[in-house]
Amino acid sequence: QVQLVESGGGLVQAGGSLRLSCAASGRTFSYYAAGWFRQAPGKEREFVASISGGGGRTNYADSVKGRFTISRDNTKNMVYLQMNSLNPEDTAVYYCAADRISSLPRLQAQYHYWGQGTQVTVSS
């Protein structure tokens with residue numbers, strides 16, 4: 001069983017940066033791949049980024065590639081999403097997800113554990 005709690009969301013101006021954090025419970029978090037998803041108002045939840053359990057492999061949606069960076073610190077059971085060059089289209093609720101898999105999943109159905117989400121609002 002893994003519990004995930006996101007933090008770090010907020011209001012930022014276009015061009016600004018935010019770092020989201022995801023705190024995970026459990027003693028074997030390094031066995032779990034982790035991902036970030038987001039859901040904008042009126043839209044379906046979409047994949048943002050994922051990272052392997054050991055942190056050596058990452059995967060990004062084309063819309064955030066080069067602007068966002070996913071990372072993790074397994075000594076602290078933490079996953080991060082550094083978001084730079086934010087634009088209003090990045091406004092959404094951001095969710096952290098995890099599952100005990102060795103791949104870098106991009107589909108929601110591949111993740112069993114989810115956080116409650118944190119709101120990111122980018123003003124123009």
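Note that the structure is predicted; figures quoted are calculated from it, not measured. Residue indices begin at 1 and follow the sequence shown. Below, all heavy atoms of this structure are taken into account, side chains as well, without hydrogens, waters or symmetry copies.
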Determine which pairs satisfy salt bridge (Lys or Arg N to Asp or Glu O under 4.0 Å) with at least one residue from residues 28-37, sequence neighbours left out, and list them in order. none
Kindly state each residue pair satisfying disulfide bond (SG atoms under 2.5 Å apart) with at least one member in residues 25-94, sequence neighbours excluded. none
Is Val64 linked to Val12 within one hydrophobic cluster, defined over Ile, Leu, Val, Met, Phe, Trp and Tyr using a side-chain heavy-atom separation of less than 4.5 Å? yes
If you look only at pairs with a residue in residues 22-114, which of them pass as a disulfide bond (SG atoms under 2.5 Å apart), with sequence neighbours excluded? Cys22-Cys96
Gap between atom CD1 of Ile51 and atom CG of Leu104 - 0.5 Å precision: 8.5 Å
Shared hydrophobic cluster for Tyr80 and Phe68 (ILVMFWY, side-chain gaps under 4.5 Å): no
Which pair of non-hydrogen atoms, one from Ala92 and one from Ala40, has the smallest distance, and what is that distance? CB-N, 3.7 Å
With a 4.5 Å heavy-atom cut-off, do Val48 and Leu81 have their side chains touching? yes
Hey, could you give me each pair passing salt bridge (Lys or Arg N to Asp or Glu O under 4.0 Å) that has a residue in residues 46-64? Not counting sequence neighbours. Arg38-Glu46, Asp62-Lys65
Contact between Gln39 and Tyr94 at the side-chain level, heavy atoms closer than 4.5 Å - yes or no? no
Any idea which heavy atoms bring Ser30 and Asn74 closest together, and the distance? CB-ND2, 3.3 Å
Report yes or no: does Tyr111 contribute a side-chain atom to a donor-acceptor pair with the main-chain N or O of Ala33 at less than 3.5 Å? no
Given side chains that start at C-beta, do those of Leu4 and Trp114 come closer than 4.5 Å, heavy atoms only? no
Would a 4.5 Å heavy-atom cut-off, applied to side chains only, mark Gln82 and Ser17 as touching? yes
If you count the non-hydrogen atoms of other residues, nucleotides and ligands that lie under 6.0 Å from CD in Gln3, is the total more than 12? no
Report yes if some heavy atom in the side chain of Tyr32 is under 4.5 Å from a heavy atom in the side chain of Val2; otherwise report no. yes
Under 3.5 Å, side chain of Gln116 to main-chain N/O of Val5, donor-acceptor pair present? no
Taking C-beta and beyond as the side chain, do Val120 and Thr91 meet within less than 4.5 Å on heavy atoms? no
Centroid-centroid under 6.0 Å between Phe37 and Tyr95 rings: no
Intermediate values then yes/no, side-chain contact (heavy atoms from CB on, under 4.5 Å), Met78 and Phe29: CA-CA 9 Å; Met78 296 291 295; Phe29 187 59; over 6 Å; no
Is the closest side-chain heavy-atom distance between Ile70 and Trp36 below 4.5 Å? yes
Donor-acceptor check, side chain of Thr118 to backbone of Glu6, threshold 3.5 angstrom: yes or no? no
What pairs of residues pass the salt bridge (Lys or Arg N to Asp or Glu O under 4.0 Å) test when at least one of them lies in residues 94-110, not counting sequence neighbours? none
Listing request: all salt bridge (Lys or Arg N to Asp or Glu O under 4.0 Å) pairs with a residue in residues 67-85, at least two apart in sequence or in separate chains. Arg67-Asp90
Answer yes or no: are there more than 12 heavy-atom neighbours, outside Tyr113 itself, under 6.0 Å from its atom OH? yes
